[in-house]
Amino acid sequence: MTLHRLREMHAAGEKIAVLTCYDAAFAQVLDAAGVDVLLVGDSLGSVLQGHATTLSVSVEDMVYHTACVARGNRGAWIVADMPFGSYQESPELALRNAVRLMQAGAQMVKLEGGGWTVPAERFLVERGIPVCGHLGFTPQSVHALGGYRVQGRGDSGAQLLRTQTAELADAGADMVVLEMVPAALAREVTQETRLLVIGIGAGAGCSGQVLVMHDMLGLTRGKPPRFVRNFAAGAADIEGAVRQYVADVKAGRFPDDAVHGF
Ligand code: KIV
């Protein structure tokens, strides 16, 4: 997979199927099942390490898991999360840490937040590192945002999301994850921007969809978020569940805004 191919898919109206992935074994399965993009998410702090948030994930953790995924993967595009504290201080610090992730096998790095992240994002893009933004609900800011809350509501919330998306595109980024924003707003933003928009709890109108793999395999205890579907229910095996996810994303059957949207 290449960035060029992802853009072609979007231009042709083909949805991009993304899942989180943290190791070589699952990278092999997800890649074989047709997932376009593997996101080495800092959600590994919750799903692998058992923390309540992603805040304790280190650059070393991300480098280790990115290298594991890269060894198992053959064809999918690999995006690695820049963890909390690895890019907030300065564009130079962001570059040093992004280089480590790229050397571990990432093809793109993802930074959370809008506005203040733009200098670092521009700095990375100018130095040849593809960038994905992450707007709407940003888990590294969970305490500042007052918990797991839908973002972009109301006129001012919608305007803020539009402005942040435009600034990210202007900085030269290629992709953005929109998390927990109203489906109608995400659809409009996707139509307005040149960025590839990957939604999670952002409705069916995005260029593609992402879920945390453990959530869509039904491995997460407790009540799942509204935007999750358990694809393991009824599947013969893990690869079958992932194939169903890819097929449903591409056919527009997942997500269903009436069930999974805000
Ligand atoms: O870390 C992660 O898994 C993510 C997804 C929630 C998009 O950023």
Side-chain angles (χ1 to χ4, degrees), residues 15-23 26-27 30 35-59 61-66 68-69 76-87 97-98 101 106 108-114 117 121 131-142 145 147-152 161 164-165 168 173-181 186 190 195-203 206-217 219-220 224-229 242 245 249 254-255 260 262:
K15 299 281 183 184
I16 299 167
V18 186
L19 282 178
T20 66
C21 187
Y22 316 106
D23 67 27
F26 278 106
L30 269 51
V35 176
D36 301 307
V37 179
L38 305 181
L39 169 63
V40 189
D42 61 357
S43 52
L44 67 86
S46 313
V47 293
L48 299 189
Q49 297 175 338
H51 296 292
T53 72
T54 59
L55 299 181
S56 56
V57 176
S58 67
V59 174
D61 292 334
M62 294 307 303
V63 167
Y64 173 79
H65 286 282
T66 300
C68 292
V69 169
W77 180 254
I78 298 179
V79 182
D81 261 340
M82 298 203 61
F84 182 60
S86 71
Y87 56 97
N97 288 319
L101 295 173
M108 174 178 254
V109 296
K110 176 162 81 59
L111 290 75
E112 291 186 13
T117 50
E121 287 159 343
V131 164
C132 176
H134 185 152
L135 300 173
F137 177 72
T138 46
Q140 292 174 14
S141 308
V142 59
L145 294 173
Y148 292 81
R149 305 165 75 95
V150 178
Q151 305 295 309
L161 189 76
Q164 291 177 337
T165 307
L168 182 63
D174 286 292
M175 191 181 279
V176 63
V177 167
L178 289 190
E179 181 162 354
M180 287 175 68
V181 300
T190 304
L195 297 173
L196 299 169
V197 179
I198 308 300
I200 175 164
C206 302
S207 332
Q209 298 293 326
V210 60
L211 283 178
V212 171
M213 182 187 67
H214 290 59
D215 289 348
M216 57 78 71
L217 290 178
L219 293 172
T220 311
R226 175 182 171 87
F227 52 80
V228 170
R229 181 194 289 170
V242 176
Y245 169 74
V249 167
F254 179 80
H260 308 108
F262 296 106

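Because the structure is a prediction, the values reported are computed rather than measured. We count ligands from 1, going down the list as the structure has it; atoms in each ligand are counted the same way. All values below were derived from every heavy atom in this structure, side-chain atoms included, with hydrogens, water molecules and symmetry-related copies excluded.
For the residues G199, G41, S43, the heavy atom positioned nearest atom 3 (O) of ligand 1 is part of S43.
Judged by the shortest distance from any of its heavy atoms, K110 lies inside the 4.0 Å radius around the atoms of ligand 1.
Within ligand 1, the atoms closer than 4.0 Å to a non-hydrogen atom of H134 are 8 (O), numbered from 1 in the order shown. Near D42, with a cut-off below 4.0 Å to any heavy atom, the atoms of ligand 1 are 1 (O). Those atoms of ligand 1 that come under 4.0 Å of a heavy atom in D81, given as number and element, are 1 (O), 2 (C), 8 (O). Remark: ligand 1 atoms within the under-4.0 Å shell around heavy atoms of E179 are 6 (C).
Taking distance alone, with nitrogen or oxygen atoms compared against 3.5 Å, T20 stays at or beyond that limit from ligand 1.
With hydrogens and angles ignored, the 3.5 Å screen pairs a side-chain donor or acceptor of Y87 with a backbone N or O of E112. Of the possible polar contacts, one joining the N97 side chain to the S86 backbone as a donor-acceptor pair under 3.5 Å is found.
Between the CG atom of D42 and the NZ atom of K110 there is a distance of 6.0 Å, given to the nearest 0.5 Å.
Contacts between L39 and ligand 1, counted as non-hydrogen atom pairs separated by less than 4.0 Å, involve the side chain only.
Relative ring orientation between F227 and F262 is described as perpendicular, the plane-to-plane angle rising above 60° on a 0-90° scale split at 30° and 60°. Relative ring orientation between H65 and Y22 is described as perpendicular, the plane-to-plane angle rising above 60° on a 0-90° scale split at 30° and 60°.
Side chains of T66 and Y64: a donor-acceptor N/O pair is absent below 3.5 angstrom, by distance only.
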